Amino acid sequence: QVQLLESGGGLVQPGGSLRLSCAASGSIFRINAMGWYRQAQGKQRELVAAIASGGNTNYADSVKGRFTISRDNAKNTVYLQMNSLRPDDTAVYYCNAQIRTSLTRLSEYDYWGQGTQVTVSS
C-alpha cells in the first residue's frame with residue numbers, strides 16, 4: 001500500500017537540466033533513506049544518488065558536481081536536480097525508498113518507483 005510516483009523525466013539537449021521528483025504515499029510510518037538509480041539500455045542498474053533522513057548524501061562518481069539530491073520530509077518527496085546533462089546520462093531513472101509502514105511492525109522495506117525516462121540527445 002505504498003507507492004512512489006515519479007515525474008520530471010523527458011528529452012533534453014546536452015548541457016541542459018532536468019529536475020526529477022518522487023513522492024511517496026500510502027501507509028507510511030517513517031521514511032529513512034531515499035535515492036535514485038538508473039539503468040541504461042544494455043547496462044546494469046546503478047546507484048546515482050542517495051540521501052539519508054538526516055541529510056547525508058552519496059553520489060556516483062560520474063554525477064558528482066552535476067547532480068544534487070534533496071528531500072522534503074514534510075512532503076515525503078525526494079528530488080534529483082540534474083545539470084550539465086550528457087548523452088551517457090540517458091537511462092530510465094528509478095526512485096527508491098526505505099520505508100517503515102507500521103507503528104507495530106519494525107521492519108523496513110525497499111520500495112521502487114515505476115521509472116521515468118531521461119533522454120539526453122541533440
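Being a predicted model, the structure only gives us computed values, none of them experimental.
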Enquirer: Quick one: does any side-chain atom of Q98 pair with a main-chain N or O of E108 as donor and acceptor, under 3.5 Å?
Expert: no
Enquirer: Can you name the one residue among D89, T90, V92 that meets side-chain contact (heavy atoms from CB on, under 4.5 Å) with R38?
Expert: D89
Enquirer: Between Y93 and Y59, is there a shared hydrophobic cluster once you connect ILVMFWY residues whose side-chain heavy atoms come closer than 4.5 Å?
Expert: yes
Enquirer: Could you tell me which non-hydrogen atom of L47 sits nearest to which non-hydrogen atom of A60, and how far apart they are?
Expert: O-CB, 3.4 Å
Enquirer: Mark yes or no for whether R66, through its side chain, and M82, through its backbone, hold a donor-acceptor pair below 3.5 Å.
Expert: no
Enquirer: Using a 6.0 Å cut-off, check whether atom CZ of R30 has over 12 heavy atoms from anything other than its own residue.
Expert: no
Enquirer: Could you note down all residue pairs passing ring-ring contact (aromatic ring centres under 6.0 Å, His included) where residues 33-53 supplies at least one of them, sequence neighbours left out?
Expert: Y37-W112
Enquirer: Report yes or no: do L18 and M34 belong to one cluster of Ile/Leu/Val/Met/Phe/Trp/Tyr joined by side chain heavy-atom distances under 4.5 Å?
Expert: yes
Enquirer: Looking only at atom types and distance, does a side-chain atom of E6 sit under 3.5 Å from a main-chain N or O of G115, one as donor and one as acceptor?
Expert: yes
Enquirer: When you compare the side chains of N83 and S17, does any donor N or O come within less than 3.5 Å of an acceptor on the partner?
Expert: yes
Enquirer: Would you name the heavy atoms of V48 and F67 that are closest together and state the gap between them?
Expert: CG1-CD2, 3.7 Å
Enquirer: Name the one of V78, T77, N73 that satisfies side-chain contact (heavy atoms from CB on, under 4.5 Å) with K75?
Expert: T77
Enquirer: Nearest 0.5 angstrom please: R100 CZ to I28 CD1, how far?
Expert: 13.5 Å
Enquirer: Side-chain heavy atoms nearer than 4.5 Å, only ILVMFWY residues, links allowed to pass through others: does that put Y79 and L85 together?
Expert: no
